[in-house]
Amino acid sequence: MLSENIESALNKQIRIEAESSQIYLSMACWAESQGFEGVAEFMFAQADEEREHMLRLLKYLIERGGKAIVSELSKPTTEYTSPKKMFEEVLEHEVFVSNSINDLVSITFDEKDFATHNFLQWYVAEQIEEEATARTILDKINLIGDEKSGFYLFDKDVKSMIAKKPAQ
Ligand code: OFO
């Protein structure tokens, strides 16, 4: 049985994952509007992944006899000044998510809820992966600099990173 505290912390994380999905969906739309088809596809895939993360938490909560809450979500930004700015926001957001997962893990530890603690280890590993991906993409953008032609290859390159993500 989940404690009320852990139930509410898991519901908070469910909302964060759902908002992550919305943010990446919005980034996909912006990338598409700018002609970055590869980046758009990557972001659509990220949005799907975040929805999976949300569902995984939601189903766990239900399985443990808790009450899962589907809450309203904040409206994401719809405009970005450049791919660089957008991926900086991705990294910043993933660091925020990692901190939130860490806080959650710490609560399960304090409450000796080792089942939930164990369940959350998948998210801990996933966050390492997601932060690393954002950093890799930012490194590529920094290498291109202002070279317009570089963005054509960059776009293709980002698209090729979709398949490289490990299966969930
Ligand atoms: Fe990338 O946030 Fe989910 O876990």
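Indexing begins at 1, ligand by ligand and atom by atom, following the structure's order.
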What pair of heavy atoms forms the shortest contact from Arg56 to Phe119, and how long is it?
O-CZ, 3.7 Å
Looking at Ile69 and Asn11, what are the two nearest heavy atoms and their distance?
N-OD1, 2.8 Å
What's the verdict on side-chain hydrogen bond (donor to acceptor under 3.5 Å, both in side chains) for His93 and Ser20, showing C-alpha distance, side-chain angles and the deciding distance?
CA-CA 8 Å; His93 183 70; Ser20 301; 2.8 Å; yes
If the cut-off is 4.0 Å to any non-hydrogen atom of Tyr123, which atoms of ligand 1 fall inside it?
4 (O)
Near His53, which atoms of ligand 1 are under 4.0 Å from a heavy atom of that residue?
2 (O), 3 (Fe), 4 (O)
If you take the nearest heavy atom of each of Glu19, Gln127, Glu131, Glu126, which one is closest to atom 4 (O) of ligand 1?
Gln127
So what does the Glu130 OE1 - atom 1 (Fe) of ligand 1 - Glu94 OE1 angle come to, to 10°?
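Angle OE1(Glu130)-atom 1 (Fe) of ligand 1-OE1(Glu94): 90°, rounded to 10°.
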Could you check Ser21 against Glu50 for side-chain hydrogen bond (donor to acceptor under 3.5 Å, both in side chains), going step by step and ending with a plain yes or no?
CA-CA 5 Å; Ser21 181; Glu50 297 300 351; over 6 Å; no
Backbone or side-chain N/O/S of Glu50 under 2.8 Å of atom 1 (Fe) of ligand 1
yes
Between Glu17 and atom 1 (Fe) of ligand 1, is there a contact where an N/O/S atom of the residue lies under 2.8 Å from the metal?
no
Checking the side chain of Ser26 only, and the main-chain atoms of Gln22 only, is there a donor and an acceptor separated by less than 3.5 Å?
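No.
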